[in-house]
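One structure below.
Order of listing sets the numbers, starting from 1, for every ligand and every atom in it.
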Amino acid sequence: MAKAVYPGSFDPVHYGHLDVIKRAAKMFDELTVGVLDNNRKSPLFSVDERVKMLNELLKDIPNVKVESFGGLLVDYCASKDVQVVVRGLRAITDFDYELQNAQTNSLLSKGKLDTVFLTTSLDYSYLSSSAVKEIAYFDGDISICVPPVIEDMVKEKYCNMKGK
Ligand code: PNS
């Protein structure tokens with residue numbers, strides 16, 4: 001059975017992530033979306049909130065499941081007996097960081113863990129979670145970036161933070 005992990009912070013998940021997940025789900029028998037639980041990144045949403053968001057959006061794709069993970073990605077993949085990591089590549093600016101991570105993971109796993117890259121669809125190549133948060137913080141329109149349920153959650157988060 002071909003298995004893969006698509007790891008990320010997903011803070012919050014946006015249409016670019018969902019596009020990669022849907023395409024990867026067609027390539028593997030089982031795809032696990034691994035949500036990083038790392039407070040050092042000071043996420044806007046708790047890991048439980050991020051897992052819940054993804055579960056809601058992906059509930060109709062039977063071979064995709066959502067989990068949180070902490071620590072090293074190589075250890076998480078080894079614990080699941082997964083040898084393939086999926087990552088999206090938007091632009092050349094992603095390349096250095098992604099290459100470094102892929103090579104580090106290959107080294108740490110003694111060559112057992114490979115990373116495959118899906119180029120992001122042109123429609124979403126500008127999208128990032130940071131941009132979504134920045135636009136929302138300044139009350140801009142994020143409806144072209146995230147599904148309505150996520151839009152509501154992001155707006156609510158900032159309303160609460162700003163005490164509106
Ligand atoms: O969505 P992101 O923030 O770009 O995802 C980054 C992620 C989660 C893939 C990366 O930070 C990660 O794998 N973190 C776990 C720790 C680890 O294994 N780091 C790689 C070795 S340096």
Partner set under salt bridge (charged side-chain N to carboxylate O under 4.0 Å, His left out) for Glu56, not counting sequence neighbours: Lys59
Would you say OH of Tyr126 has more than 12 non-hydrogen atoms from neighbouring residues, nucleotides or ligands within 6.0 angstrom? yes
From Met53 atom CE to Leu58 atom CG, the distance as rounded to the nearest 0.5 Å: 12.5 Å
Any residue meeting salt bridge (charged side-chain N to carboxylate O under 4.0 Å, His left out) with Asp19, in chain and number order, not counting sequence neighbours: Arg23
Measure from every N or O atom of ligand 1 to the protein's N or O atoms and keep only the pairs below 3.5 Å, writing each with atom names and distance to 0.1 Å.
| residue | atom | partner | partner atom | Å |
| --- | --- | --- | --- | --- |
| ligand 1 | 1 (O) | Ser9 | N | 2.9 |
| ligand 1 | 3 (O) | Ser9 | OG | 2.6 |
| ligand 1 | 3 (O) | Lys41 | NZ | 2.9 |
| ligand 1 | 4 (O) | Arg87 | NH2 | 2.9 |
| ligand 1 | 5 (O) | Arg87 | NH1 | 3.3 |
| ligand 1 | 18 (O) | Leu73 | N | 2.8 |

For Glu98, enumerate each residue passing the side-chain hydrogen bond (donor to acceptor under 3.5 Å, both in side chains) test, keeping only those at least two apart in sequence or located in another chain. Arg87
Apply side chain to side chain contact (heavy atoms under 4.5 Å, CB included) to residues Val86 and Val5 and explain how you reach the verdict. CA-CA 6 Å; Val86 173; Val5 163; over 6 Å; no
